[in-house]
Amino acid sequence: MLNYNSPINDTKKYPEIEISEVEPIIKLNLRGKNRDFITKVGKVLSIIPPTDPNTSSGNDNLSILWLGPDEWMVYANDKNALNDRGILEDKLFNEISKVKLGSVTNVTDHLVMINIRGNKVFELLSTGCPFNFNDFMNSKGATTQTLLNHVDIIIHNKNVNDLNLFVRRSFSNHLWSWINDSASRL
Amino acid sequence: MKNKYSIFSLIKNAFSYHENWQRAWRDPEPKKEYDAIIIGGGGHGLATAFYLAKKHGMKNIAVVEKGWIGGGNTGRNTTIIRSNYLWDASAGLYDHALKIWEGLSQELNYNVMFSQRGVMNLAHNLQDVRDLKRRTHANRLNGIDAVWLNTEEVKNFCPIINTSPDIRYPVLGGTLQKRAGTARHDAVAWGYARGADAMGVDIIQNCEVKGIKRNGDSVEGIETTKGFIKTKKIGVVAAGHSSVIANMVDIKLPLESKPLQALVSEPVKPIIDTVVMSNAVHAYVSQSDKGELVIGAGTDAYVSYTQRGSHDVVEGTLKAILELYPIFSRMKMLRQWGGIVDICPDASPIISKTHIKGLYFNCGWGTGGFKATPGSGDLFAHTIANDEPHKLNADFNINRFVSGDLVDEHGAAAVAH
Amino acid sequence: MNKNLRTTNSNFIDQTSRISFKFDGKTLYGFKGDTLASALLANDIHLVGRSFKYHRPRGIMTCGSEEPNAIVQLGNDLSMTEPNTRATEIELYEGLEATSQNCWPSVNFDIGAINNFLSPFLPAAFYYKTFMWPASFWKKYEYFIRKSAGLGKSPTKPDKDIYDHRYLHCDVLIVGGGISGIIAAKIAAQNNLNTVLLDDKNNLGGTTIFQDNECFKINNSYSNEWLKKEIESLNSFKNLTIKKRTTLAAYHSYNYLLARENLTDHLSLDEKKNKIRQRLWKIRAKKVIIASGAMERPLIFNNNDRPGIILSTSIKKYIDYYGVKCGQKISLFTNNDTAYETAISLNKSGVSVNSVIDIRDKSNSAIVKEAEKLGIKIYWKHTVVNTSGYKRINSIELMKLSDDGTAVVENKTKEECDCLGISGGWTPRVHLFTQSGGKLKFIDKDNIFLPDKSVSEQISIGSCNGDFELDDVIKNSIKSIKNFLNINSSDYENLKINCSKETDKKNIWLLPSNKPLGKTKPFLDFQNDSTAKDVKLALREGFKSIEHVKRYTTTGMGTDQGKLSNMHALGIIAETAEVKMSELGTTTFRPPYTPLTFGAIVGRNVGEFFDITRRTPIHEWHVEQKAEFENVGQWKRAWYYPKSKETMYEAVQRESKAARDSAGILDASTLGKIDIQGSDASEFLNRVYTNAWSKLEIGKCRYGLMLNEDGMVYDDGVTTRLGENHYIMTTTTGGAANVLSKLEDYLQTEWPELDVYLTSVTDNYATVSICGPNSKKILSKVIPDLDLSDKEFPHMSFKNALINNIKCRVMRISFTGEHSYEINIQSNYGKSLWEKCIEAGNEFNITPYGTEAMHLLRAEKGFIIAGQDTDGTMTPVDLQMDWIISKKKYDFIGKRSLYRSDTIREDRKQLVGLLTDDPKEVLEEGAQIVAEAKKKPVEMLGHVTSSYFSPNLNKSIALAVVVNGKKLKGQKMFVPMENKTINVTITDTVFLDKENKRLNA
Amino acid sequence: MFLINCPYCGERDQSEFSAGGEAHIVRPKQPTELSDDQWAEFLFMRKNIKGIQLERWNHAHGCRKWFNMVRDTSNDKIHAVYKMGEKPPIK
């Protein structure tokens, strides 16, 4: 038996802000350039990958984030959303990568998903993020890749004052304590 | 030489309320023709003219400067002087300069305040240690006074450094060159200008070079905002603007001109008595005679001639300063500024002839030109006068970028000199 | 001497709450709302410091950030003390302690004052002209110069305060909360723009807020009353953020601005605790409105620096705003109308005004009439020629000006006074405008520089744009704001404004005296003690440009950055050199506008957050095992695992031996991993690596060397073919990020035709490396159903496997030369897998080894470490790795460079092995290698790149680069150390198991 | 700090980008055919223009895409950005 040790595995509460690592769920990085790729992904996931910059699409189970003109990230909305992680990955891999439509890479453990919610979410981000959230905060599903105190992050604006933040695992403990230090001073 | 500077001349002039001091240099109109023209009135250019006149008897020469002398990187750097370079060629070049520095105030009769308070380079990781030890051994065998210090010795030499093993990148040791130090940057330009002027060199300010006239593959003169000036030899010492001049004669140089920033704190009583450099953590600091902490930041990655860099660079540098000197957190930045540094791929300069007869380039000093000023001037003067490089600058020719025989100092000074 | 210098007519000071503070050890009292300066003045203290060069007594001269003299050391706690703070900006708080600077033993009796008498011998830049003999003495001279220079003292213990940063994006940023700033804020906010208003004071309203004078009315109420209402009305806007105590520090390109907010500097010592002291706002504004106002100018005349000489409007602020009398017998000296407002205010508060000395011939403005009405004596066309009083002014001497204003005539009049208010007109604060890259123009009639061409989305309004009369300020501000924000109408369309208008102007940069200039002391830069004489000396010596004069005389180089002195310096230069001010140009104002604490610039990026720390999935285990860590880039890597009292050497020897004797285990998770997919993946690898890849079978691994385009070794690693179009590449730990972006660069810019996708998966996998003769046995326990036979699973091949149903990739590759495996598994299972392997390996004494042992083991096999054995000057040929350069391939990154005249030389530095004659002698990494022991100077042929004592060979081994090394095998060489010379022999780079038997052991 | 308009993601702070030097220096298709001089020209020699320069930037901390920029190096004014493979929008 192998134990699963997610790096943070914790929830912290502060006035008007709550931060928690979301128990790891499947995350896939998709790359592709042409229409066929888009349609194929659409078929397999029954969601069309968004082609507008800084947006996302999704259903109850999955979210697809725009990361670049030929790059997307798919992630399950919670760990029960998909009972078998393997199937989704293999299916996509076989229908995309195998047939040279693009690439499919599992990044489930590459990225750690941190949920931040509360009225002070964007005030928290403003302590270390050069990104302009003025419009972002009001548009549900908005997505961006940027820096938080020099660490690369992906942000998915799930809902009002409720967002998911993705960071590379090796940076996650550092960023976690930074975020908490920041939150404790708001 | 014109009226000699000394304590006695000061006292003498006091009685006439200092109203009888002579000009430090004339302000002549350009002649029709010169035996040689130096483009660029910074320290290197003025030193070149000084040694052309002094050592090579070339008195009918001019220095043309588009602004005011010493107004470029000479007046914008952090005045660090050292010669503890890795490669033989560099060590030879910079130590030649250091030896001249040691007698410069007397040679110029102008106090350039060369202060041999020592320069320490810190190591923060195991590769740093290897690189710095390698340099120290090379220096020793090249007759350069560099020694390795362990962490405790570092602390003893500069007690305010945070040498705690608990910091993010602990100080694992360092090298020290005692003969190294700092000098007063303005004084270097002014002293050379005064000295050169006294030997008849024309220093022509506010005179911008607009073009270089060629006859076949040799130069005939320069077009300037003050008209055409005839000459057979042109020495270009234009630092950040070297490429601008080069483009006038369709020469491409392996240079990029980038913003280099520096800053000073408000003046305080003596607190740090040496120069400390750290490449890995990227902070270097010394204290001026006036009491200001003089702090060098890094370069930006993009080409710019604006003399302004991005704030992130300054923030990054001060971050490193506070990591190594937490006591400076309440000190205040008084002034920040930028210079334009011309950087070679191998972080070494070019002091070289070109394929155009009578056209010589002295450039590519990157972030480390000030320390070389006297040596650079001396060797460039030699190269111009004899149309042949001195053995000490032979390796710093343009052709090395074709052959691949670079003088790669990156290992030794990746961030800054 | 306890005169009552407080009035009761100020509503900005809370006279019910008394605050006690200490100045130079003496306990004094002030009120809430005071600055340190106003409180000192209320205590009749003018002398607060000594000047930089001559140590002359100096007093409070202004009421703001331009203060050159009243700078003090704040606090005496070794970690919290702050040098060079301006008394005029420090808000008084309970427990404040301040001391004078640059004086010894005390500000009242200062030994340094001797310089004042030596001053004839210490003209500008005297130090360039002396201290040169004897040469060796400079260091001694310098010691004393340094001691006497400097102002306050640096803290000597780490700061306990916290600082932080905030990013802010807005539509409109307004800098300055004076009357024009307030108007701008209201208009912007009313038009639903996301607006931010900054002011460096704790109160909005600028100078108008204490302008209660019959002559200045808006809609029939006093200007200050009208403004108060406007300010109150701002509170109703949700889209308007007002930040007080916030100073705009720097204005960078693209409307990126930095502002420092003081959060606790005004609080009592107890209240300060555990709060963020200062916050740096990083602001990106679509549009910027600068309303930073103007500074009153001093006048330049003989002995114009005595304590008690204060800018006239500051005197007005002290009386009207702080309710403090700067003196009881006050004289005023002016060249414009401003001083008359002060005169009237003083008169209103019952302070006797001796007279107003005005260099102008006359003035018919309303405000002057008003003053005359009150019976205030005015000396027209007069100037002050001298002042007396060493530590506090006690009298002035005035004389009539000649018609051309260059000389004085008739008799001296002496006038006793305890305070002299001076006003030389106004200087618009154009600092921020110029910082933003804007160009200035000179306006001759007002002798001021004004914003001309702007390069960013920005305007200047109010007095910083040259409007000094109340009606101009309001009307022009409104006009340009509407224009700038594209707005048609505002609340302020038909305001009724009455104000006194200035009728006469006259300006004399350097006022004449009855004494020859040489015998006078007309100070320009009060902090740096540079006088008009110094400027003239500089010009005489040929320093013509303002920058030269500034540097030669240090004018404007003080902590006030010449806010008061620059204009007069320019004026005097222009006059003396007979050039137009407009041609002379101005000095560049560099950021920050006022000095900015390092702490604020750095924010919370200190200590733990100085730099990112990257951890592997197995990090916790290493910590539990008390491993020592090595910093590799931002990674923390287990360096070695000392047992009980083991030294590093002992631990590394044990770990290295165990790895070859039985089994070792290494956390290799930090290696960069790049997932490569696409139909052109193989072709891509052909182009980036020196060797050929097309023929690599699926399931096989290959070592690759990556060069820079200049032919020098850049990175290396093993790449595995997972499928037809699918590879996984590993890079060095330090190189990972750079390699990926370099490869992306080539893909996107040089080879867009290639169908290849790169995705970093470094953090997705934990990499557990097991090596040693027993590694096979151990792995078979961990993954029982995996066939590990050499036939099925040979060296340099890969298998997919399941461990308890968890997918993992197993590579049989070796960096130690031992039979070894690398298991890559999803990171979150990494620690568990690691523990499982240790458990399985216990019976074989499996030994965790760190990076140091890893380096040692690979050195025994002569494997290079890019970055340690290479330094950016080594080609594959230099490394004796010719075999890895494909002869067939037409091109790959860096190939062409390998055939340049210098890179094809046979006698380049080449990688070799070194053995010391004494097998116990371990060479120092970095040590140089020479051919002749005695010769000096001696040519250096190379250096030691890696060196260890090998426990497995029981002797010292080293790798080195040596000129022509390939040909020198067996040659004796020398390694000269400081105290000895070590004899060495050049050998092959492989020290152990040349036949690679152990790989399959 | 520049405000850079990534052709893919829109306006972002400079800190998200990395500069890649002079643009349109195409890697020779047949390096082996070149003389040392020609190769050095590609490898090291730069115009280093004071004025309008075409240069490469990478949205390193965003979409990771390289693109080109038209920037005046004498005042840092960014005149335009355009995608790799596209022609400079200005002469």
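Naming convention: chains lettered A, B, ... in sequence-line order (proteins, then strands); numbering from 1 in each chain. What's counted below: heavy atoms across the whole structure, side chains too, no hydrogens, waters or symmetry copies.
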Is it true that the side chains of [X] and [Y] contain a donor and an acceptor less than 3.5 Å apart?
X	Y	result
S170(A)	R614(C)	yes
Y727(C)	R721(C)	yes
N115(A)	R117(A)	yes
T127(A)	S182(A)	yes
N725(C)	S97(A)	no
N255(C)	K286(C)	no
Y14(A)	N180(A)	yes

Atom of N3(A), atom of Y829(C) and distance for their closest heavy-atom approach: O-CD2, 3.5 Å
For [X], which atoms come within 4.5 Å of any heavy atom of chain A: side chain, backbone, both, or neither?
X	value
K836(C)	side chain
I825(C)	side chain
N274(C)	neither
Q634(C)	side chain
S760(C)	both
H619(C)	neither
N828(C)	both
D164(C)	neither
T762(C)	both
I283(C)	neither
I803(C)	both

Heavy-atom contacts under 4.5 Å, residues 36-56 of chain A to chain C: none
Residues in residues 156-166 of chain A near chain C [non-hydrogen atoms, under 4.5 Å]: none
Taking [options] one by one, which has the highest count of heavy-atom pairs under 4.5 Å against chain C?
options	result
V104(A), V151(A), D70(A)	V104(A)
R168(A), R185(A), K100(A)	R168(A)
E123(A), M1(A), E71(A)	M1(A)
N134(A), L111(A), L175(A)	N134(A)

For K673(C), the option from D763(C), T767(C), L740(C), N764(C) that meets side chain to side chain contact (heavy atoms under 4.5 Å, CB included): T767(C)
Which atoms of [X] approach chain C - backbone, side chain, both or neither, heavy atom under 4.5 Å:
X	answer
N173(A)	both
F122(A)	neither
K27(A)	neither

Table please: side-chain donor-acceptor pairs of residues 5-12 of chain A below 3.5 Å, with sequence neighbours left out.
residue	atom	partner	partner atom	Å
S6(A)	OG	E21(A)	OE1	3.3
D10(A)	OD2	K12(A)	NZ	2.8

Test side chain to side chain donor-acceptor pair (under 3.5 Å) applied to N106(A) and E89(A), step by step: CA-CA 7 Å; N106(A) 188 325; E89(A) 178 186 359; 3.0 Å; yes
Verdict with supporting geometry, H169(C) and F133(A), ring-ring contact (aromatic ring centres under 6.0 Å, His included): CA-CA 8 Å; H169(C) 300 260; F133(A) 289 102; 8.1 Å; no
Is [Y] close to [X] at the side-chain level, that is, under 4.5 Å between some pair of heavy atoms?
X	Y	result
T613(C)	K636(C)	yes
H174(A)	F609(C)	yes
R637(C)	R615(C)	no

Pair D171(C) + K287(C), salt bridge at N-O below 4.0 Å: no
Test: K807(C) and D90(A) ion pair at under 4.0 Å: yes
Answer yes or no: does atom [atom1] of [X] have more than 12 heavy-atom neighbours from other residues, nucleotides or ligands under 6.0 Å?
X	atom1	result
K140(A)	NZ	no
N138(A)	CG	yes
K13(A)	NZ	no
E23(A)	CD	no

Ring centers of H150(A), W178(A) separated by less than 6.0 Å: no
As an exercise: rank [options] by heavy-atom pairs under 4.5 Å with chain A and give me the winner.
options	answer
D675(C), I676(C), D611(C), I612(C)	I612(C)
G678(C), C170(C), P617(C)	P617(C)
E724(C), K275(C), R166(C)	R166(C)

Nearest-0.5 Å distance, CD1 of residue I114(A) to CD1 of residue I19(A): 8.5 Å
Inter-chain contacts: residues 730-738 of chain C against chain A, heavy atoms under 4.5 Å: none
